[in-house]
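First the structure, in the form of structure tokens, and then the observations on it.
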Amino acid sequence: MDRFTQSNPFLSGYEAAMKEITIGDTHEQCIERSDYPPEKVRQVLGSEIVAVLGYGVQGRGQSLNMRDNGVRVIVGQRKGGKAYDLCLEDGWVPGETLFDPEEAAARGTVIQYLLSDAGQKEMWPRIKPHLTAGKALYFSHGFSIVFSEQTGVIAPPGVDVILCAPKGSGTTVRRLFLEGRGINSSFAIHQDATGRARERCLALGVAIGSGYLFETTFKKEVVSDLTGERGVLMGAIYGLWLAQYEVLREHGHSPSEAFNETVEEATQSLYPLIAEKGMDWMYANCSTTAQRGALDWFKSFRDASKPVFEKLYHSVETGEEARRVLEANSRPDYRVQLEKELKEVAESEMWQAGTQVRALRPERQGQ
């Protein structure tokens, strides 16, 4: 029995009606795992060979989950380097399930193109000849297709072009799968050449570890994703944390106090409450003083930051962010510069404080 069935025995043997959620006057259909139980996934993908090109965090997480779910998977990764060593460590066998990217693309009937955006642009001329009629080209990000004028990635007319975008890192995709849970994902059909694109996409979406999926378009996915990464998911949240930390430090608060009130309490206490039942529930489970302050101040932060988000959205929608990404990530010294920037973050006082505060957590003692 595969891990998917073991972890989710209630999924075997039936299909539930696809759910619809309604928010205001907007209706959305939600595809759940129960709509594609293990036997249906195997039925849809039984004759497919899924070639995963690139063994970064998404490539690794998705390929391992599919393999555990009984899908025939091969990996395309160049010899040499940490990624190739990780392939060997994870049990991919050279010449059997591990090949150079071009050979994997030639062998696969579904090509999961999971290289970095810059890497997809660079490798496309070598991969495109292997996209023969009837195959499926799969993405987890709409970048290369939406910004094809910059990437050159234009799929041949005879192949399905599909997308399944987990709302989290590949590490989370794998972790939630092993816990018997499932990640929230979006899916999209850009080109249906075979008449089976949607069926293939949804079966793959469940096979990679999605618990439920919402439909979108390639354009909406990439614009929302790039906005989110630069905004509240990563860029904006760090900017807010840094601003508050600096204000507290400049007014005489210690590094540990500034970090605890800025990051530690958010990540260890408040954000898990939001994840559990929502913002209103988190507010309801805080002190009345905290409630009053949050309700009095959130509009000021919204009003101050909304113009920045409008500027960000425009930069994403017009392709300016795509240009910056491709330009920066294609430079020969990209990795060197990235490590330099990350080192500056790691060595900043706030994250030095974070390292020491996290080390004091009881569960980490003795590690």
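What you are looking at is a predicted structure, and each value in this text was computed from that prediction instead of being measured.
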- Are S254 and S256 linked by a side-chain donor-acceptor pair shorter than 3.5 Å? yes
- In this structure, OG1 of T217 is separated from CD1 of I145 (nearest 0.5 Å) by 12.5 Å
- Note on the structure: So CD1 of I31 and OG of S185: to nearest 0.5 Å the spacing works out to 12.0 Å
- Query: Within the side chain of T22, is there an N or O that forms a donor-acceptor pair under 3.5 Å with the backbone of H27?
  - Reply: no
- Query: Are V44 and L163 connected in the hydrophobic side-chain network, where two residues link if heavy atoms are under 4.5 Å apart?
  - Reply: no
- Under 3.5 Å, is there a donor-acceptor pair between the Q58 and Q62 side chains? yes
- Determine whether the side chains of T227 and S224 contain a donor N or O and an acceptor N or O closer than 3.5 Å. no
- Under a 4.5 Å cut-off applied to non-hydrogen side-chain atoms, are V71 and E48 in contact? no
- Distance (rounded to the nearest 0.5 Å) between D100 CG and Q77 CD: 9.5 Å
- Side-chain donor or acceptor of N69 paired with backbone N/O of A207 under 3.5 Å: yes
- Distance-only donor-acceptor check, side chains T262 and Q244, under 3.5 Å: yes
- Message: Taking atom OH as the centre, does Y238 end up with more than 12 heavy-atom neighbours from other residues, nucleotides or ligands that are less than 6.0 angstrom away?
- Response: yes
- Message: Taking A203's backbone N and O only, do any of them form a donor-acceptor pair with K40's side chain (distance below 3.5 Å, no angle check)?
- Response: no
- Item | Side-chain donor or acceptor of D160 paired with backbone N/O of A193 under 3.5 Å | yes
- Query: So, S63 side chain and R60 main chain: donor-acceptor pair closer than 3.5 Å or not?
  - Reply: yes
- Message: Would you say E321 and S315 are linked by a side-chain donor-acceptor pair, where the criterion is simply a distance under 3.5 Å?
- Response: yes
- First locate atom CD of E149, then atom CZ of R323, and finally report the distance between them rounded to the nearest 0.5 Å. 14.5 Å
- Message: Quick check: closest heavy atoms across A188 and C201, and the distance to 0.1 Å?
- Response: O-SG, 4.1 Å
- Query: Any idea which heavy atoms bring F214 and I21 closest together, and the distance?
  - Reply: CE2-CD1, 3.7 Å
- Evaluate the criterion side chain to side chain contact (heavy atoms under 4.5 Å, CB included) for residue pair V93 and L98; output intermediate values, then yes/no. CA-CA 5 Å; V93 181; L98 179 58; 5.9 Å; no
- Determine, using the 4.5 Å side-chain heavy-atom cutoff (strictly less than), whether L178 and L176 are members of one ILVMFWY cluster. no
- Would you mind reporting whether N260 and E265 have side-chain heavy atoms less than 4.5 Å apart? no
- Within a strict 4.5 Å, meaning less than it, do heavy atoms of the R67 and W92 side chains meet? yes
- Message: Within a 6.0 Å radius of atom CD on Q356, are there more than 12 heavy atoms belonging to other residues, nucleotides or ligands?
- Response: no
- Message: For a quick test of reading the model, state the closest non-hydrogen atom pair linking G59 to L114 and the distance between them.
- Response: CA-CD1, 3.7 Å
- Query: Between R249 and E246, is a salt bridge (Lys or Arg N to Asp or Glu O under 4.0 Å) present by the stated rule, with each step listed?
  - Reply: CA-CA 5 Å; R249 290 288 289 126; E246 290 174 351; over 6 Å; no
- Task: Determine whether F177 and I183 make a side-chain contact, defined as any pair of heavy atoms from C-beta on separated by less than 4.5 Å.
- Result: no
Quick one: side chains of residues 120-130, donor-acceptor pairs under 3.5 Å with protein atoms, not counting sequence neighbours, listed by atom name and distance.
{"residue": "Q120", "atom": "OE1", "partner": "S144", "partner atom": "OG", "Å": "2.5"}
{"residue": "Q120", "atom": "NE2", "partner": "Y113", "partner atom": "O", "Å": "3.0"}
{"residue": "Q120", "atom": "NE2", "partner": "L115", "partner atom": "O", "Å": "3.1"}
{"residue": "K121", "atom": "NZ", "partner": "Q150", "partner atom": "O", "Å": "3.4"}
{"residue": "W124", "atom": "NE1", "partner": "G152", "partner atom": "O", "Å": "3.2"}
{"residue": "R126", "atom": "NE", "partner": "E102", "partner atom": "OE2", "Å": "3.1"}

- Those residues at least two apart in sequence (or on a different chain) that pass side chain to side chain donor-acceptor pair (under 3.5 Å) with E28 are none
- Which distance, rounded to the nearest 0.5 Å, do you find between the CZ of R175 and the CG of N65? 12.5 Å
- Query: Quick one: does K79's side chain have a donor or acceptor within less than 3.5 Å of a partner on Y84's backbone?
  - Reply: no
- Message: Would I237 and V232 count as a side chain to side chain contact (heavy atoms under 4.5 Å, CB included) here? Give the steps.
- Response: CA-CA 5 Å; I237 195 65; V232 296; 5.7 Å; no
- Message: Could you check whether any side-chain heavy atom of R181 comes within less than 4.5 Å of a side-chain heavy atom of T172, counting everything from C-beta outward?
- Response: no
- Closest contact, heavy atoms only, A105 versus A51: N-CB, 4.5 Å
- Listed by chain and number, what are the ring-ring contact (aromatic ring centres under 6.0 Å, His included) partners of F147, not counting sequence neighbours? F143
- Using the ring of each side chain (for Trp, its six-membered ring), is W297 parallel, tilted or perpendicular to F301, with breaks at 30° and 60°? tilted
- Task: Report whether V173 and L213 are members of the same hydrophobic cluster (ILVMFWY, side-chain heavy atoms less than 4.5 Å apart, transitive linking).
- Result: no
- Side chain to side chain, L312 and V316, heavy atoms closer than 4.5 Å: yes
- Query: Who are the ring-ring contact (aromatic ring centres under 6.0 Å, His included) partners of Y313, not counting sequence neighbours?
  - Reply: none
- Basic-acidic side-chain contact under 4.0 Å: R107, E103: yes
- Query: Considering the options V206, L202, I208, L204, which one meets the side chain to side chain contact (heavy atoms under 4.5 Å, CB included) requirement together with C164?
  - Reply: I208
- Taking a hydrophobic cluster as the set of Ile, Leu, Val, Met, Phe, Trp and Tyr residues connected by side-chain heavy atoms closer than 4.5 Å, whether directly or through intermediates, do F309 and V222 fall within one such cluster? yes
- Do P255 and V357 touch side chain to side chain, with heavy atoms closer than 4.5 Å? no
- Message: Tell me whether Q291 contacts the main-chain N or O of C286 through its side chain, where contact means a donor paired with an acceptor under 3.5 Å.
- Response: yes
- Message: Whether the side chain of R196 engages the backbone of G134 through a donor-acceptor N/O pair (distance < 3.5 Å, no angle test) should be reported.
- Response: no
- Roughly how far, to the nearest 0.5 Å, is the CD atom of E264 from the CZ atom of R358? 7.5 Å
- Message: Looking at S148 and I154, would you say the former's side chain and the latter's main chain have a donor-acceptor pair under 3.5 Å?
- Response: no
- Item | Within one Ile-Leu-Val-Met-Phe-Trp-Tyr cluster: V73 and V41, side-chain cutoff 4.5 Å | yes
- Query: Are the side chains of V153 and F139 in touch, meaning some heavy atoms are under 4.5 Å apart?
  - Reply: yes
- Query: Which pairs with one or both residues in residues 240-284 pass ring pair (Phe, Tyr, Trp, His ring centres under 6.0 Å), sequence neighbours excluded?
  - Reply: F259-W351
- Give the minimum heavy-atom separation between G91 and T97, together with the two atoms involved. O-OG1, 4.4 Å
- Item | V161 backbone acceptor or donor facing Q191 side chain under 3.5 Å | no
- Message: I'd like to know if R198 pairs up with E215 as an ion pair, taking the criterion as any Lys NZ or Arg NE/NH1/NH2 lying under 4.0 Å from an Asp or Glu carboxylate oxygen.
- Response: yes
- Task: Taking all non-hydrogen atoms of both residues into account, name the closest pair between L53 and A104 and its distance.
- Result: CD2-CB, 3.8 Å
Donor-acceptor pairs are to be reported for all side-chain atoms of residues 329-340 against protein atoms at under 3.5 Å, with residues two or more places apart or in another chain.
{"residue": "S330", "atom": "OG", "partner": "L326", "partner atom": "O", "Å": "2.6"}
{"residue": "R331", "atom": "NH2", "partner": "E327", "partner atom": "OE2", "Å": "3.1"}

